[in-house]
Amino acid sequence: MSTPPASPDPRGSTLWEMFLQWMKNRRSSEPVTSSSLANPLDWTPGAPVSLNATQGPEFASALTRVDELRHVIRREGGQEFHFVDYVLRVSPRDADPVNIRIRCLPDGGGGWHRLLLRQHDEFGFAADFLEVLNDPSGVFTVEDEASEAGDPPVEISFQRLNEVTGPWHATVIHQRGPEADSTAPPAASQAADQDSGTMEYWDFLHVHGDGTEEFLFTELDGSTGWIQIWRGSRVFL
C-alpha cells in the first residue's frame with residue numbers, strides 16, 4: 001500500500017504560501033453539474049445588451065456588452081447552491097468604460113432575484129481585512145463621501161445575511177466571449193473561452209431609511225488572493 005503524501009510543513013513558509021496551501025485544501029473535488037451553467041437572462045458572452053437608462057445615467061447613451069458569465073457554485077450539507085453573474089462592459093460616449101455586474105440569484109420559487117452591482121473597491125490580499133470580515137458581530141462598515149463639500153464622510157453599516165459568520169466557499173466557472181481576431185478561423189473566433197477557479201465570499205445587507213435594500217459582497221480570489229468589494233440593489237430587467 002502506498003503512503004499518501006504528507007501535508008506541507010507550514011514552518012518556514014511565508015504567510016502568502018500558507019494562504020495558498022490553505023485555499024488549495026478547501027477546494028472541492030466534486031464534479032460540476034448542469035445547474036452550474038444556468039443562463040436566466042439568456043445573454044451570450046460577447047453580445048451587446050440594452051439596459052434601461054433608469055438604472056443609471058451611464059446607460060443612457062452607452063454601448064453595453066457581455067464580457068463574461070460567472071457561474072458560482074457553493075456546496076453545503078450535500079446540497080448545491082448557485083448564482084450567475086453577468087459581467088458587463090459599459091462604454092459611455094464621453095467617459096471611460098466601466099465594468100458592472102448583473103447578479104441573478106434563485107428566489108426559491110423557480111424565478112430569479114436580480115441585483116445591479118458596481119465595484120466599490122479592490123486590493124491585494126490583506127490578512128487584517130479578513131479579520132474585519134470575520135468579526136463575530138457580523139457588521140461591516142464602509143465610508144461614503146459626504147454629499148456636501150466639507151461634511152464628514154457618511155458611515156454605512158452592513159449586516160451579514162442570515163446571521164452567518166465566516167466566508168462561503170465556492171467554485172467559479174468563467175465563460176468569456178470570443179476575442180475579436182480577424183485572422184482566426186471562423187470556428188475559433190466563435191468559440192467562448194471557459195475555465196474555473198475558487199473563491200471565498202461574504203454577503204451583507206443594509207436597509208436604508210426609506211426601506212431600500214443595499215447589498216454588499218466581498219470576494220477573495222482563491223488563486224491570487226485579490227479582493228473585490230461590490231455594492232448594489234435589486235433591479236427589474
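What's counted below: heavy atoms across the whole structure, side chains too, no hydrogens, waters or symmetry copies.
Using a 4.5 Å cut-off between side-chain heavy atoms of Ile, Leu, Val, Met, Phe, Trp and Tyr, with links allowed through other members, V98 and V87 fall into different hydrophobic clusters. F217 and V72 fall within a single hydrophobic cluster, where Ile, Leu, Val, Met, Phe, Trp and Tyr are joined by side-chain heavy atoms under 4.5 Å apart, directly or via other members.
With sequence neighbours excluded, no residue forms a side chain to side chain donor-acceptor pair (under 3.5 Å) with N99. Applying the side chain to side chain contact (heavy atoms under 4.5 Å, CB included) rule to H174 yields the partners E68, R70, V172, R176, D195; only residues at least two apart in sequence or on another chain are considered. Among residues two or more places apart in sequence or in another chain, the salt bridge (charged side-chain N to carboxylate O under 4.0 Å, His left out) test is passed with D210 by none. The side chain to side chain contact (heavy atoms under 4.5 Å, CB included) check on S157 picks up V139, T141, with sequence neighbours excluded. With sequence neighbours left out, E131 forms a side chain to side chain contact (heavy atoms under 4.5 Å, CB included) with no residue at all. With sequence neighbours left out, D67 forms a side chain to side chain donor-acceptor pair (under 3.5 Å) with R65. Residues passing the side chain to side chain contact (heavy atoms under 4.5 Å, CB included) test with F81 are R74, E76, Q79, sequence neighbours excluded. Residues that satisfy the ring pair (Phe, Tyr, Trp, His ring centres under 6.0 Å) test with Y86, not counting sequence neighbours, are W43. A search for salt bridge (charged side-chain N to carboxylate O under 4.0 Å, His left out) contacts involving R89 returns nothing, not counting sequence neighbours. Remark: F158 engages H206 in a ring pair (Phe, Tyr, Trp, His ring centres under 6.0 Å) (not counting sequence neighbours).
Just one residue in the list H120, R103, Q119 forms a side chain to side chain contact (heavy atoms under 4.5 Å, CB included) with W230, and that residue is Q119.
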Side chains of residues 109-117: which donor-acceptor partners sit under 3.5 Å, not counting sequence neighbours?
from : atom 1 : to   : atom 2 : distance (Å)
H113 : ND1    : R234 : NH1    : 3.0

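No side-chain heavy atom of T44 sits less than 4.5 Å from a side-chain heavy atom of V66. Contact check for F125 versus L130: side-chain heavy atoms found under the 4.5 Å cut-off. In this structure the side chain of Q159 never reaches within 4.5 angstrom of the side chain of L205, judged on heavy atoms. Side-chain atoms of H208 and I156, non-hydrogen and from C-beta on, do get closer than 4.5 Å to each other.
Between F83 and Y201, the ring centre distance stays below 6.0 Å.
Atom CZ of R160 and atom CG of L216 lie 10.5 Å apart (nearest 0.5 Å). Atom NE2 of H71 and atom CG of N39 lie 7.0 Å apart (nearest 0.5 Å). In this structure, the separation between CD1 on I227 and CG on L133 is 7.0 Å, given to the nearest 0.5 Å. The structure places CE of M199 at 12.5 Å from OG1 of T224, a figure rounded to the nearest 0.5 Å. The line from CG of N134 to CZ of F140 is 11.5 Å long, rounded to the nearest 0.5 Å. Here the straight-line distance linking atom CG of L220 with atom NE2 of H169 works out to 10.0 Å at 0.5 Å rounding.
Contact between P136 and T165 at its shortest, heavy atoms only, is O-CG2, 4.1 Å. The shortest heavy-atom contact between G138 and F204 is O-CE2, 3.7 Å. The two residues P92 and P97 have their closest heavy-atom pair at CD-CA, 4.3 Å.
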- Please report the C-alpha distance between D144 and R231 in whole Å, then the side-chain angles of each, then the deciding distance to 0.1 Å, and finally whether the salt bridge (charged side-chain N to carboxylate O under 4.0 Å, His left out) criterion is met. CA-CA 12 Å; D144 284 347; R231 292 171 61 179; 2.8 Å; yes
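Evaluation of the salt bridge (Lys or Arg N to Asp or Glu O under 4.0 Å) test over residues 93-102, restricted to residues two or more places apart or in two chains, returns D85-R101, R101-E219.
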